[in-house]
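Both backbone and side-chain heavy atoms feed into the values below; hydrogens, waters and symmetry mates do not.
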Amino acid sequence: MPLWLTALIWGTFGGAALVVGCTVAWKWTIPPKIISSIMAFGAGVLISALSFDLMDEAVTVGGLLPSMTGFLAGAVAYVGANALLTRAGARHRKRSGGRQPSEQQQTGSGTAIAVGALLDGVPESVVLGVGIATVGTVNPAMLAAVFISNFPEGLSSAAGMKRAGRSAAYVFGVWGGIAVLSGVSALIGYVALQGAPDSLVAGITAVAAGAILAMIADTMIPEAFEEHHLLTGLVTAVGFLTAFIISHLGG
């Protein structure tokens with residue numbers, strides 16, 4: 001199988017978890033504490049992955065300076081884009097409660113939420129393609145982290161969309177479209193960085209890591225602590241440890 005097709009398939013596979021989570025939320029009413037716990041687990045998984053499979057790898061491949069610069073650039077870019085989307089009504093796009101605005105409450109919020117969801121998924125998908133471009137195969141730990149974290153994102157956000165009165169066509173259209181675009185993003189990451197210098201690969205990897213960490217802090221952690229209970233921190237730690245173990249077993 002050609003590597004470009006491998007990148008496309010694995011990127012789409014990672015994005016497909018969003019559709020799975022969306023389907024569960026649309027078909028069943030999940031208790032808020034369960035949604036918050038699953039989101040906490042997903043946040044822990046991503047924090048571990050960006051630490052050990054992105055930043056550590058970026059520094060090893062390209063050095064500290066490109067990695068630092070890329071990481072800060074990714075965080076700044078995400079926060080800036082997210083601020084614009086927040087004004088348009090996408091601030092609570094991953095919230096399962098009644099915080100998401102309906103189209104009647106804020107015109108254009110549906111589009112903003114869709115764009116915001118895409119913004120959240122692109123960095124993770126690009127990293128999968130970059131990994132295939134540099135080592136010729138998908139990073140199993142990063143793929144697992146993307147899939148595991150995407151499920152609660154789709155679950156929580158779709159639950160919030162349903163509460164806001166959005167249609168099934170809108171909800172499944174958003175997540176199905178983003179699953180496809182996740183594959184395209186992985187393909188772009190593969191094509192763009194074939195044969196690229198190590199410093200550039202490190203910088204792009206670190207950009208994704210910075211954007212992912214900013215996304216976790218801005219959108220996942222608030223939902224993880226929406227329904228506070230004593231095990232939230234423990235669930236996040238278990239998510240972190242799970243990804244850490246997968247990374248070491250995969251390596």
* To do: Apply side-chain hydrogen bond (donor to acceptor under 3.5 Å, both in side chains) to D120 and list each qualifying residue two or more places apart in sequence or on a separate chain.
  => Y78, R93, K94
* Which residue, L18, V24, N150, forms the side chain to side chain contact (heavy atoms under 4.5 Å, CB included) with L155? -> V24
* Of V138, L8, T137, the residue whose pairing with I132 passes side chain to side chain contact (heavy atoms under 4.5 Å, CB included) ->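 Checked V138, L8, T137 against I132; only one passes side chain to side chain contact (heavy atoms under 4.5 Å, CB included): V138.
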[X] and [Y]: which non-hydrogen atoms are nearest, and at how many Å?
| X | Y | value |
| --- | --- | --- |
| A243 | V45 | CB-O, 3.5 Å |
| V180 | T12 | O-OG1, 4.5 Å |
| A7 | Y190 | CB-CB, 3.8 Å |
| M55 | F71 | SD-CD1, 3.4 Å |
| V235 | S37 | CG1-O, 3.1 Å |

* Asked: Do the rings of F244 and H248 sit parallel, tilted or perpendicular, given the 30° and 60° boundaries?
  ->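 It falls in the tilted class, 30° to 60°.
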* Can you check side chain to side chain contact (heavy atoms under 4.5 Å, CB included) on F41 and T236, steps first, answer last? -> CA-CA 5 Å; F41 183 86; T236 305; over 6 Å; no
Counting only N and O atoms by type, is there a donor-acceptor contact under 3.5 Å from the side chain of [X] to the main-chain atoms of [Y]?
| X | Y | answer |
| --- | --- | --- |
| S48 | F240 | yes |
| S156 | P152 | no |
| S67 | A58 | yes |
| T23 | V19 | yes |
| S182 | S125 | no |

Shared ILVMFWY cluster between [X] and [Y], side chains joined below 4.5 angstrom?
| X | Y | result |
| --- | --- | --- |
| M220 | F225 | yes |
| V207 | I216 | no |
| I9 | V127 | yes |

Show the atom names and distances, to 0.1 Å, of all donor-acceptor pairs under 3.5 Å that link a side chain in residues 141-149 to residues at least two apart or in another chain.
{"from": "S149", "atom 1": "OG", "to": "A145", "atom 2": "O", "distance (Å)": "2.8"}
{"from": "S149", "atom 1": "OG", "to": "V146", "atom 2": "O", "distance (Å)": "3.2"}

* For C22 and F172, what are the C-alpha separation, side-chain angles and deciding distance, and is it a side chain to side chain contact (heavy atoms under 4.5 Å, CB included)? -> CA-CA 7 Å; C22 168; F172 284 95; 3.7 Å; yes
* Can you tell me if CH2 on W4 sees more than 12 non-hydrogen neighbours from other groups inside 6.0 Å? -> no
* Let me see the working for W28 and I30 under side chain to side chain contact (heavy atoms under 4.5 Å, CB included), right down to the final yes or no. => CA-CA 6 Å; W28 295 285; I30 311 298; 4.1 Å; yes
* Taking C-beta and beyond as the side chain, do T134 and L193 meet within less than 4.5 Å on heavy atoms? -> no
